[in-house]
Number of protein chains: 2
Amino acid sequence: MSDRPDSRSRGVSIKDVARAADVSVATVSNALNHPELLSADTHARVMRAVEKLGYVRSESARQLRAGQSRMLGLLVLDMRNPFFVGMAHGAEQAARADGLGVMLCDSSQELAAEEFYLGLFAEQRVRGALVTPTDSSTTSLSVLRRHGIPYVFLDRVASGDEACSVSVDDVTGGRLAVGHLLEQGHRDIAYLSGPMSLPQCRDRRTGALQACDEAGVDHDAVTVVETECLDVDAGRDAGSRLLGRSPRPTGVFCANDLIALGVLQTLVAAGVAVPDDIALVGYDDIDFAAAAAVPLTSVRQPAAQMGATATELLVREIAGDEQHVHENVEFAPELVVRRSSITRH
Amino acid sequence: MSDRPDSRSRGVSIKDVARAADVSVATVSNALNHPELLSADTHARVMRAVEKLGYVRSESARQLRAGQSRMLGLLVLDMRNPFFVGMAHGAEQAARADGLGVMLCDSSQELAAEEFYLGLFAEQRVRGALVTPTDSSTTSLSVLRRHGIPYVFLDRVASGDEACSVSVDDVTGGRLAVGHLLEQGHRDIAYLSGPMSLPQCRDRRTGALQACDEAGVDHDAVTVVETECLDVDAGRDAGSRLLGRSPRPTGVFCANDLIALGVLQTLVAAGVAVPDDIALVGYDDIDFAAAAAVPLTSVRQPAAQMGATATELLVREIAGDEQHVHENVEFAPELVVRRSSITRH
DNA sequence: CAGCGAGATCAAAACGATTCAAGTGGGTTA
DNA sequence: TAACCCACTTGAATCGTTTTGATCTCGCTG
């Protein structure tokens, strides 16, 4: 009575179904893919056999024949960051609407992992790829280019007309954040950046300095502190380093909300008042920012929408006629002010 | 000079490499998979051709030949819940160590999605599957059974000896949480449960009632409030419903931290003091629990370790000799007390 | 010098599906 | 009656890889 077939067996194949329904394999294939070609009777007979045997198509066989899969690859920098999960979610929804699956991978910002996964995408012959690249991705991407696999940059502007891209104007984001802090009267601001190898981190700094210019304040007002990672732990570290500094900055702009939450924890634990002693601004506006110890001011990026838009661009490129023109969609960031940055007057 | 091949082409195949290196396809295959069979000279020549042409193996062709893939399927209930992401992360690490990839899917607790993805796993002929099942998964899993695809339950005890499983003792978890609230003197406790179709939610209630028994308190002390989802939004909803109730419960136990964070937000916004007016206990101890507006007391589950352990069980079953005996690993939950539940005396 | 074994290479079959051209059979038309 | 058409079904080729057993070439031994 066991459902479990002999462990050596390869499972039910189209041949078994053909035999059971007493038709050719071609007919079984047609029953599944072009039912309109068959007489109602035959179709029913085949489907009954499929049902009875529990037949499931072998995707690898179809793929081999078709020369490509029905999957998109999605490579993100950090799955534990809700911002990326949000993008992934948006991408998945959009892909499903087009009958495509998504293969989600996490490069952990390591070049080796990135190369590994892009190689995997190529081996799988994914239909297209969505990539949040690190600095040096251009070379790793050649494996996709060589196989004619189109890709779209997510959360990064494509350089030249290499590919489509979906991004957020990070310069503006940085400007909004630091502009807000300057407006609150802060003149000693720390920018807790992630690794400067990430364009996002660089752009946000540029924006920070622009904000200084606009406010007629010297660039010295902003000190850049580079962290190795963009996660909560790194934030806690950076927080303790801040505490040791003298004079302490009065305003802190973090490259993302995870860092900001880590800093916040350290500060609160050390009895430093936020926002009164130190004002804090994060980036991404993840769900948890609003629920933080002190609700976090943050620069919002439309994560799900970015993922969905990128998928649409990719699908359009895949379906595209010969003449596809790369498109760079740029969303505007939005400052969401909460308590962490509002100094009492 | 473009890297991009003709869009009609199928890309470089093993035949092209064979031609370029002036050997047979069998030799190319051997160069890649059994280099020790070849003369050093031939091997080098082949590898040079591989390099030059940018050849990448077609995974679907290998799979077709091999009859199985080098992938595990991982189906979680909610990718936006950091607890599941933690499990996924642990599973991925462990799988990579065994040279296996992980295909991550999110059923969103919907049966239809679950069936869709399990079907996908079968079509892909994954080597094995890790599943966080909903109530009714037993039937959907038959598609795996029929194809001899082994699976392991994640965050759920297997019934009978159907499969291996990795879980946390949710009854104890519920008991710890509510026991703690009772100890703090609360006698009107709300249990904000997710859908009762989830065994986890049911078990935690059982634990809650056990705690009452142990404290010699009537079961009436605990009111169960069922929510539809286990996310922050549902928590916010449940929070407003709590506010409308009279008398208000003084202690609230939430089926997970997302719910708890949602409730917390609503309460804080409404000026209800946590923990003084209402004490709050969550579940999972996600990273964000410690960083919440009021640091959240929570029941910790070792997410990454669970994922890793499940993968190991699965790998063992896959490699297993004929006589595999299913194993049920159960981790112990741990109460992490923070401010949200400590009533001032 | 015949015979043998080892080492290196290869031809061909197989995996499971899709597709296309060709075949079948029954009915209609010239 | 022959020619044709239509609806349905099928044989065979094909995709890119791995593997098995065969072949081929040496150099060595007896």
Side-chain angles (χ1 to χ4, degrees), chain A residues 5 8-47 49-50 53-70 122-127 146-148, chain B residues 5 8-47 49-50 53-70 122-127 146-148:
Chain A
R8 314 199 58 81
S9 99
R10 264 170 161 263
V12 182
S13 92
I14 198 172
K15 278 186 207 157
D16 302 313
V17 177
R19 204 172 308 128
D22 195 31
V23 293
S24 71
V25 293
T27 299
V28 177
S29 177
N30 281 333
L32 263 33
N33 303 305
H34 308 283
E36 74 280 4
L37 294 179
L38 300 190
S39 72
D41 175 57
T42 312
H43 182 253
R45 192 149 35 94
V46 172
M47 296 316 275
V50 165
L53 299 178
Y55 168 70
V56 177
R57 288 191 282 220
S58 157
E59 182 61 24
S60 52
R62 328 183 61 190
Q63 254 177 240
L64 175 57
R65 182 91 226 292
Q68 55 183 1
S69 72
R70 308 193 54 68
E123 287 190 351
Q124 304 272 356
R125 304 290 192 265
V126 296
R127 201 71 152 265
R146 261 200 296 236
H147 275 266
Chain B
R8 312 199 58 81
S9 98
R10 263 171 163 262
V12 183
S13 90
I14 200 172
K15 278 186 206 156
D16 302 312
V17 178
R19 203 171 310 127
D22 194 30
V23 293
S24 71
V25 294
T27 300
V28 176
S29 177
N30 281 332
L32 263 33
N33 303 305
H34 307 283
E36 73 281 4
L37 295 179
L38 301 190
S39 72
D41 176 57
T42 313
H43 182 253
R45 192 150 33 96
V46 172
M47 296 317 275
V50 165
L53 299 178
Y55 167 70
V56 177
R57 287 191 283 221
S58 157
E59 182 60 24
S60 52
R62 324 183 63 187
Q63 253 175 242
L64 174 57
R65 183 85 227 288
Q68 56 184 359
S69 72
R70 305 193 56 70
E123 286 190 350
Q124 303 272 357
R125 303 290 193 265
V126 296
R127 200 72 151 264
R146 261 201 294 237
H147 275 266

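Here is how names work: the chains are called A, B, and so on, in the same order as the sequence lines, proteins then strands, and each is numbered from 1.
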K.L.:
Under the side chain to side chain contact (heavy atoms under 4.5 Å, CB included) rule, collect the residues that match up with A/V56, sequence neighbours excluded.
P.N.:
B/A122, B/E123, B/R125, B/V143, B/H147
K.L.:
Respond yes when some side-chain nitrogen or oxygen of B/T42 is under 4.0 Å from OP1 or OP2 of C/dT9, and no when none is.
P.N.:
yes
K.L.:
Counting only non-hydrogen atoms, which of residues 21-36 of chain B are less than 4.0 Å from DNA chain C?
P.N.:
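The answer is B/V23, B/S24, B/A26, B/T27.
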K.L.:
Output all residues satisfying salt bridge (Lys or Arg N to Asp or Glu O under 4.0 Å) with A/R19, sequence neighbours left out; order by chain, then residue number.
P.N.:
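For A/R19, the residues satisfying salt bridge (Lys or Arg N to Asp or Glu O under 4.0 Å) (neighbours in sequence not counted) are A/D16.
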K.L.:
So does A/R62 get a side-chain nitrogen or oxygen closer than 4.0 Å to the phosphate oxygens (OP1/OP2) of C/dT18?
P.N.:
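Checking A/R62 against C/dT18: at least one side-chain N or O falls below 4.0 Å of OP1 or OP2.
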K.L.:
Measure across A/I14 and A/Y55 and return the closest heavy-atom pair with its distance rounded to 0.1 Å.
P.N.:
N-CE1, 3.6 Å
K.L.:
Atom CZ of B/R65 and atom P of C/dA17: how far apart are they, to the nearest Å?
P.N.:
16 Å
K.L.:
Please name the pair of heavy atoms, one in A/R45 and one in A/A21, separated by the smallest distance, quoted to 0.1 Å.
P.N.:
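In terms of heavy atoms, the two residues are closest at NH1-O, 2.7 Å.
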K.L.:
When the axes are fitted on five pairs at both termini, how much does the helix from C/dC1-D/dG30 to C/dA30-D/dT1 curve, in 10° steps?
P.N.:
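End-to-end axis angle: 80°.
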K.L.:
Can you tell me how far the CD atom of B/Q124 sits from the OG atom of B/S60, to the nearest 0.5 Å?
P.N.:
10.0 Å
K.L.:
Return the 5'-most residue of the pair B/L38, B/R125 with respect to DNA chain C, ranking by each residue's nearest nucleotide.
P.N.:
B/L38
K.L.:
If I take atom CD in residue B/Q63 and atom C1' in nucleotide C/dA14, what distance separates them, rounded to the nearest angstrom?
P.N.:
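The answer, rounded to whole Å, is 16 Å.
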K.L.:
Quick one: which of D/dT17, C/dT19, C/dT9 gets closest to the side chain of B/I14?
P.N.:
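That would be D/dT17.
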K.L.:
Rounding to an integer number of Å, can you tell me how far B/Q68 CD sits from D/dT17 C1'?
P.N.:
15 Å
K.L.:
How close or far is atom C1' of C/dC15 from atom CZ of A/R57, stated in whole angstroms?
P.N.:
18 Å
K.L.:
Any N/O pairs under 3.5 Å between the protein and nucleotides 25-28 of chain D? List them or say none.
P.N.:
none

K.L.:
Could you report the tightest heavy-atom contact between B/R70 and B/E59, atom names first, then the distance?
P.N.:
CG-OE2, 4.2 Å
K.L.:
Show me the donor-acceptor pairs within less than 3.5 Å that the side chains of residues 27-39 of chain A make with the rest of the protein, sequence neighbours left out.
P.N.:
from	atom 1	to	atom 2	distance (Å)
A/T27	OG1	A/S24	OG	3.2
A/S29	OG	A/N33	ND2	3.4
A/N30	ND2	A/A26	O	3.4
A/N33	OD1	A/R57	NH1	2.9
A/N33	ND2	A/S29	O	3.0
A/S39	OG	A/T42	N	3.2
A/S39	OG	A/T42	OG1	2.7

K.L.:
If you compare every side-chain N and O of A/S39 against the phosphate oxygens of D/dT9 (OP1, OP2), does one of them come in below 4.0 Å?
P.N.:
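Checking D/dT9 against A/S39, a side-chain N or O does come within under 4.0 Å of OP1 or OP2.
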K.L.:
Separation of A/D41 atom CG from D/dT9 atom C1', in whole Å?
P.N.:
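Nearest whole value for this atom pair: 13 Å.
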K.L.:
C/dC15 C1' sits how many Å from B/L64 CG, rounded?
P.N.:
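Taking atom C1' of C/dC15 as the reference, CG of B/L64 is at 4 Å.
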K.L.:
What is the separation between atom CD on B/Q124 and atom P on C/dC15, rounded to the nearest whole Å?
P.N.:
21 Å
K.L.:
Report the distance from atom CG of B/L37 to atom P of C/dC10, rounded to the nearest whole Å.
P.N.:
13 Å
